[in-house]
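What follows is one structure encoded as structure tokens, with my remarks underneath.
This one's a predicted model, so the numbers in the text were calculated from it and none came from an experiment. In what follows, chains carry the letters A, B, and so on, assigned in the order in which the sequence lines appear, proteins first and then strands, with residues in each chain numbered from 1.
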2 protein chains.
Amino acid sequence: MKKSPAPQPVNLLDVARAAGVSRATASLVVRGSPLIAPPTRERVLEAMKQLGYIYNRGAANLRQSRTHTIGLVLSNIANPFFSELTAGVDDVNDANDVVCFIANSVESPERQARQIQRLREHNVDGVIICPAIGSNDTLLEDLQRLSLPYVQVLRHVPYGSGDYVAADYASGIEKAVRHLVETGRQKIMFVGGMSVHSAAVARLDGFHRAMALHQLPDDMVVAGKWGNTYDEVELDRLLLGSNPPDSAICYNDIMALALMSHLQRRGYTLGDDFAVIGMDDLPQAAAAYPPLTTIATNPRMIGQAAATLLQKRLEAPDRPTERIILPANLVIRASSETRTS
Amino acid sequence: MKKSPAPQPVNLLDVARAAGVSRATASLVVRGSPLIAPPTRERVLEAMKQLGYIYNRGAANLRQSRTHTIGLVLSNIANPFFSELTAGVDDVNDANDVVCFIANSVESPERQARQIQRLREHNVDGVIICPAIGSNDTLLEDLQRLSLPYVQVLRHVPYGSGDYVAADYASGIEKAVRHLVETGRQKIMFVGGMSVHSAAVARLDGFHRAMALHQLPDDMVVAGKWGNTYDEVELDRLLLGSNPPDSAICYNDIMALALMSHLQRRGYTLGDDFAVIGMDDLPQAAAAYPPLTTIATNPRMIGQAAATLLQKRLEAPDRPTERIILPANLVIRASSETRTS
DNA sequence: GGTAAAAATTAGATCGATCTAAAAGATCGC
DNA sequence: GCGATCTTTTAGATCGATCTAATTTTTACC
């Protein structure tokens, strides 16, 4: 079999010539313009098929203001929470004929800045971004300087403005506290206290407010690290103290599962001796033993909302900024079953 | 504050004029060519900074054969295994100044074909693809037709050829069987038997071969579904049968964790009454209770290898195809501890 | 049949870079 | 001082589409 020679690509002009029309007409056909008479359209489409034409969107982008391309900059792709979110973004993009660049800042503002610059050079229409820990206003300044429309997800930079989508962490935690109180728990601790970014602060604040609401002491907080581990020494100190906790609300499901494992190693019977509540409702929460009660933050829905919001922003750059806070509902499972059950 | 007028973008010609050189010279400077005399380079760089020039890679792509863009088409982004893989791809891309489109086929060959077409239109240099269940040779034909270099990861289409990266499932399972035998298990079942794609077949084959090697019966196979659930009825039938299994090797960690939960509900003490081994070594395997013994398939490394291989292919399109099979090692944890411990 | 209005098509400029091939400038030996 | 060589810079064509403004064709109506 002979190798085909230089397979030089077919362009619109070739198609136009084959169909006996002008380049402009062929262009209108590929874009599905209603201006073209049906018979002509047919002829052009036929020529396209014959020649194996492939639309060169890159060339089109040079003339148009939109590229049908967005960037998704996440602080840690490897986190399952973010993969659900990514899937949500992809759902909306697929429906809108948009493709999505993905970039992983790994919680490094420098890498994040580099990625944004790169995305800008590739002419993305806008970005969805979960700011890396340590991001500050220079992030938004960079975006402004690059005139890059953006939607922040989950976290926002301090004092930042602009479109934003997140879950209602505080009210989710309030529901969790109420549930614990209703099932007879009084000594509730929070595992994974941090103030590294807005989402962490929101959770901790939510905990303090909810505890105050129920007039319970809110001083049992175990520090978290990296969003997936907590201070084990501090936890053990509380567990072995004179007034140990009888339940815990965790920063996220990852920590909650680690905590469950920790407690089980120490002989606790979960749901009975001790109630554990996580956050996010990752698939693994339902599959754990015992199944984990958790505050569902709906990452997929957040992704969908962010992608939709970004498209709205692109269509109407001057619309007022929008901050979407999606409800966070409590999913009750065995890890927090009432003691009397 | 007055809104700035039409912020019309600065292009290379503007930069060139400001620096008192030609467009061609400015172009050589942005590309870091050594042809330019240092003082001239300085002048141009200074002008770029002054004017806030942003390189338009999209325009450059029109003339060049490479766009520094690749596509990553996954069968299910939401799967944590794939997010690790994505992170690995991103590591290599970040180092190579390449950006990556992500697309989720959700195991639908149709959606997959659509996504590939879209990526092609955006002129990606190549794709890394984990073929959706049901993909056949038409996938490779499509890629060929679009003259799109590709690397398959984890799975390959039947009879397919071309670059490929995966883990050594069979030898991983062999190690798992040997470990179980050495710790006194004889009645080993496989949970998650499927033949929907090459990776599933490879695991099942590996199980049968390993069992034959140890002259053990290999007839206990529980069917899997979707890569994350198994046939619970069939499992219970085996557990309650006359010759119940004493251990299980699972298709992946997700199923293994579900199985652990299942067995714990039924009163088994894991690691003692029953040994469970998973596959992949997701972070959650180590965090489970008891910690899960698993066959580490190193998704991040697979992603890195695939991205590296794709770059090699792009640099030398005629190099012989390569099939990289990364080792899969057994990570022993408490879920398969010896009975006598 | 003639003309106005509507529909369909098109020529040519344009987006912002790269590439080729050649020109201009600097350096050197003798 | 002069050609040869090396270094540095550049003009102009080009990639493959879209866009504007105009032209051509068709339809409608009296």
(Q) Please report the distance, rounded to the nearest Å, between CG in Asn61(B) and C1' in dA17(D). (A) 14 Å
Q.
From CD of Glu42(A) over to C1' of dT9(C), roughly how many Å is that when rounded to an integer?
A. 17 Å
**Q.** Integer-rounded Å distance: dG16(D) C1' and Gln64(A) CD
**A.** 12 Å
Q: Using whole Å, report how far NE2 of His122(A) lies from P of dA17(C).
A: 14 Å
Q | Between dG16(D) (P) and Arg63(B) (CZ): distance, integer Å | A | 9 Å
Q | Among Asn93(B), Val98(B), Val124(B), Asn123(B), the one residue meeting side-chain contact (heavy atoms from CB on, under 4.5 Å) with Thr69(B) | A | Val124(B)
Q: Give the rounded distance in Å between these two atoms: CD1 of Ile54(B) and P of dC15(C).
A: 17 Å
Q. Is a side-chain N or O of Gln112(A) found less than 3.5 angstrom from the main chain of Ala132(A), in a donor-acceptor match?
A. yes
Listing time: all N or O pairs from protein to nucleotides 6-11 of chain D that are below 3.5 Å?
from: dT9(D); atom 1: OP1; to: Thr40(B); atom 2: OG1; distance (Å): 2.3
from: dT9(D); atom 1: OP2; to: Ala37(B); atom 2: N; distance (Å): 3.0
from: dT10(D); atom 1: OP2; to: Ser22(B); atom 2: N; distance (Å): 2.8
from: dT10(D); atom 1: OP2; to: Ser22(B); atom 2: OG; distance (Å): 3.2
from: dT10(D); atom 1: OP2; to: Thr25(B); atom 2: OG1; distance (Å): 2.5
from: dT10(D); atom 1: O5'; to: Ser22(B); atom 2: OG; distance (Å): 3.4

**Q.** Mutual orientation of the aromatic rings belonging to His156(A) and Tyr164(A) [parallel < 30°, tilted 30-60°, perpendicular > 60°]
**A.** perpendicular
Q. So which nucleotide from dC19(C), dG16(C), dA17(D) ends up closest to the side chain of Leu62(B)?
A. dG16(C)
Q) Roughly how many Å is it from OH in Tyr53(B) to C1' in dG16(C), rounded to a whole number? A) 8 Å
Q | Side chain Tyr150(B), main chain Leu140(B), donor-acceptor under 3.5 Å | A | no
Q: Could you tell me whether the side chain of Gln152(B) and the main chain of Val165(B) form a donor-acceptor pair under 3.5 Å?
A: no
Q | Spacing of CZ belonging to Arg41(B) relative to OG belonging to Ser33(B), to within rounding of 0.5 Å | A | 7.0 Å
**Q.** Residue-phosphate contact under 4.0 Å: Arg31(B) side-chain N/O, dC19(C) OP1/OP2
**A.** yes
Q | Spacing of Leu13(A) atom CG relative to dT14(C) atom P, expressed in whole Å | A | 19 Å
Q | Closest non-hydrogen atom pair between Leu309(A) and Arg319(A), with its separation | A | CD1-NH1, 3.5 Å
(Q) Check the phosphate of dG16(D) against Asn11(A), side-chain N and O only, distance under 4.0 Å to OP1 or OP2. Yes or no? (A) yes
